[in-house]
J.: 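The structure under discussion is supplied below as structure tokens; questions concerning it will follow.
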Amino acid sequence: MANLDTYLDSHYIHRSNWLRAAVLGANDGIISVSSLAIGVAAASSTTEPIVLATVAALVAGALSMAAGEYVSVSSQTDIETADIEREKQELLEMPEEELHMLAKIYEQRGLKKETAMQVALELTEVDALGAHVRDELGINEISQAHPIQAALASGSSFVAGGVLPLLVVLFAPLKGMEYWLYGFTIISLILLGTLAAKTGGSNVGKAILRVTIWGTIAMGLSAIVGYLFGVNV
């Protein structure tokens with residue numbers, strides 16, 4: 001018989017927090033750095049400005065992604081903490097109302113009224129706050145925010161994604177560099193979409209379609225801007 005502590009280990013939901021940040025970072029790294037490089041390449045007659053712009057985008061983007069992810073997830077953590085503190089206070093001030101609220105939640109999930117109250121009573125005896133945090137607020141160990149983890153996953157994956165177009169800029173010929181960047185980026189996005197889908201247990205075709213379509217739009221618009229406003233740099 002399966003052990004309850006390890007039963008959920010094979011499920012994909014445990015990976016949702018860090019996988020979201022990692023895929024977002026890598027996708028943003030590939031697309032934003034490539035798009036900027038394509039825009040500059042479309043307006044440049046030498047390689048140096050393209051390399052400079054690409055490196056700047058890589059460094060600034062990685063730091064921005066890590067900082068933004070940390071701030072964003074920290075805000076979520078602050079909200080969760082505030083709600084938990086409020087729940088503690090409500091349990092002290094009006095335990096009966098909170099008990100009936102918990103029972104109502106279980107009723108709405110399909111339990112009979114008597115069964116719902118019995119479940120609420122038993123869970124309250126074991127861990128009242130834990131029951132309310134989990135079932136009333138919807139906060140659990142899987143969904144709980146982890147700012148440092150999200151920041152590291154997002155920042156490092158941005159670097160991993162952004163390095164790929166940088167390699168193209170460093171080694172591809174200047175003539176037709178936009179096309180080299182586009183082709184290499186699409187291949188990278190396909191690999192990223194496949195990896196993300198496999199890791200998260202989702203449909204590979206849909207994941208590839210998403211990243212390639214939006215990646216193409218971003219790079220296409222950047223190239224157009226470069227051609228329209230580009231003066232030889």
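From a predicted model like this one, the values you see are computed outputs, not experimental measurements. Worth knowing before you read on, the calculation uses all heavy atoms, side chains too, and leaves out hydrogens, waters and symmetry mates.
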J.: Give me each pair satisfying side-chain hydrogen bond (donor to acceptor under 3.5 Å, both in side chains) with a member in residues 183-192, each pair once, sequence neighbours excluded.
T.: Ser34-Thr185
J.: Quick check on the hydrophobic clustering: are Phe184 and Leu174 connected, directly or via other members, by side-chain heavy-atom contacts under 4.5 Å?
T.: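 They do share one cluster, since a chain of ILVMFWY contacts under 4.5 Å joins Phe184 to Leu174.
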J.: Any side-chain heavy atom of Leu164 within less than 4.5 Å of one from Val168?
T.: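 They are not in side-chain contact.
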J.: For Gly130 and Asp127, work out which heavy atoms get closest and say how close.
T.: N-OD1, 3.0 Å
J.: Enter the distance from Ile30:CD1 to Leu181:CG here, rounded to the nearest 0.5 Å.
T.: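 Going from the CD1 atom of Ile30 to the CG atom of Leu181 covers 12.5 Å.
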J.: Please examine the side chains of Leu123 and Arg134, heavy atoms only from C-beta on, and report whether any two atoms are closer than 4.5 Å.
T.: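 Sidechains of Leu123 and Arg134: in contact.
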J.: Roughly how far, to the nearest 0.5 Å, is OG of Ser157 from CG of Asn27?
T.: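 Spacing of CG (Asn27) from OG (Ser157) equals 9.5 Å.
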J.: Does any part of the side chain of Glu136, heavy atoms only, come nearer than 4.5 Å to the side chain of Glu98, both counted from C-beta?
T.: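 Result yes, sub-4.5 Å side-chain heavy-atom pair found.
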J.: I'd like to check Met117 versus His100 (side-chain heavy atoms, cut-off strictly below 4.5 Å). Are they in contact?
T.: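 A side-chain contact under 4.5 Å exists here.
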J.: What heavy-atom pair brings Pro165 and Gly161 nearest, and what distance separates the two atoms?
T.: CD-O, 3.1 Å
J.: Taking the side chain as every heavy atom from C-beta outward, state whether Val33 and Phe158 have any pair of such atoms under 4.5 Å apart.
T.: yes
J.: Check whether Thr54 reaches the backbone of Ile50 with its side chain - one donor and one acceptor, N or O, closer than 3.5 Å.
T.: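 Checked: pair present.
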J.: Hey, which of Ile84, Leu137, Leu91 is the one that makes side chain to side chain contact (heavy atoms under 4.5 Å, CB included) with His132?
T.: Leu91
J.: Enter the distance from Ser75:OG to Glu80:CD here, rounded to the nearest 0.5 Å.
T.: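 Rounded to the nearest 0.5 Å, the OG-CD separation comes out at 11.0 Å.
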J.: Within the 4.5 Å heavy-atom criterion, are Val73 and Gln149 side-chain neighbours or not?
T.: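 Of all side-chain heavy-atom pairs linking Gln149 with Val73, none is under 4.5 Å.
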J.: With hydrophobic residues grouped by side-chain heavy-atom distances under 4.5 Å, do Leu167 and Tyr182 end up in a single group?
T.: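 Per the 4.5 Å side-chain linkage, Leu167 and Tyr182 are co-clustered.
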J.: Is it the case that Glu85 and Gln89 place a side-chain donor and acceptor less than 3.5 Å from each other?
T.: no
J.: About how many Å separate CD of Glu90 and CG of Asp83, when rounded to the nearest 0.5 Å?
T.: 9.0 Å
J.: Supply the atom-to-atom distance Asp135 CG to Gln108 CD, rounded to the nearest 0.5 angstrom.
T.: 12.0 Å
J.: Taking the side chain from Ser74 and the backbone from Tyr70, do they hold a donor-acceptor pair closer than 3.5 Å?
T.: yes
J.: Answer yes or no: does atom CE of Met101 have more than 12 heavy-atom neighbours from other residues, nucleotides or ligands under 6.0 Å?
T.: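 Counting neighbours around CE of Met101, 12 or fewer heavy atoms of other residues, nucleotides or ligands fall under 6.0 Å, so no.
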J.: Less than 4.5 Å apart, any side-chain heavy atom of Leu166 and any of Phe171?
T.: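 In short, these two side chains do not touch, never coming nearer than 4.5 Å.
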J.: Between Ala151 and Glu69, what is the shortest heavy-atom contact and its length?
T.: N-CG, 4.0 Å
J.: Is it true that Leu152 and Val159 fall in one hydrophobic cluster, defined by side-chain heavy atoms closer than 4.5 Å?
T.: no
J.: If only atom types and distance count, is the side chain of Thr212 paired as donor or acceptor with the main-chain N or O of Leu209 below 3.5 Å?
T.: yes
J.: Which atoms form the tightest heavy-atom contact between Leu58 and Val163, and what is the distance?
T.: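 What the structure gives for the nearest pair is CD1-N, 3.9 Å.
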J.: When you compare the side chains of Gln118 and Glu114, does any donor N or O come within less than 3.5 Å of an acceptor on the partner?
T.: no
J.: Met177 and side chain to side chain contact (heavy atoms under 4.5 Å, CB included): which single residue from Ile38, Val169, Val40 fits?
T.: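 Checked Ile38, Val169, Val40 against Met177; only one passes side chain to side chain contact (heavy atoms under 4.5 Å, CB included): Val169.
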J.: Checking side chain to side chain contact (heavy atoms under 4.5 Å, CB included) against Ile208, which of Thr194, Leu189, Leu192 comes through?
T.: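 Among Thr194, Leu189, Leu192, the one meeting side chain to side chain contact (heavy atoms under 4.5 Å, CB included) with Ile208 is Thr194.
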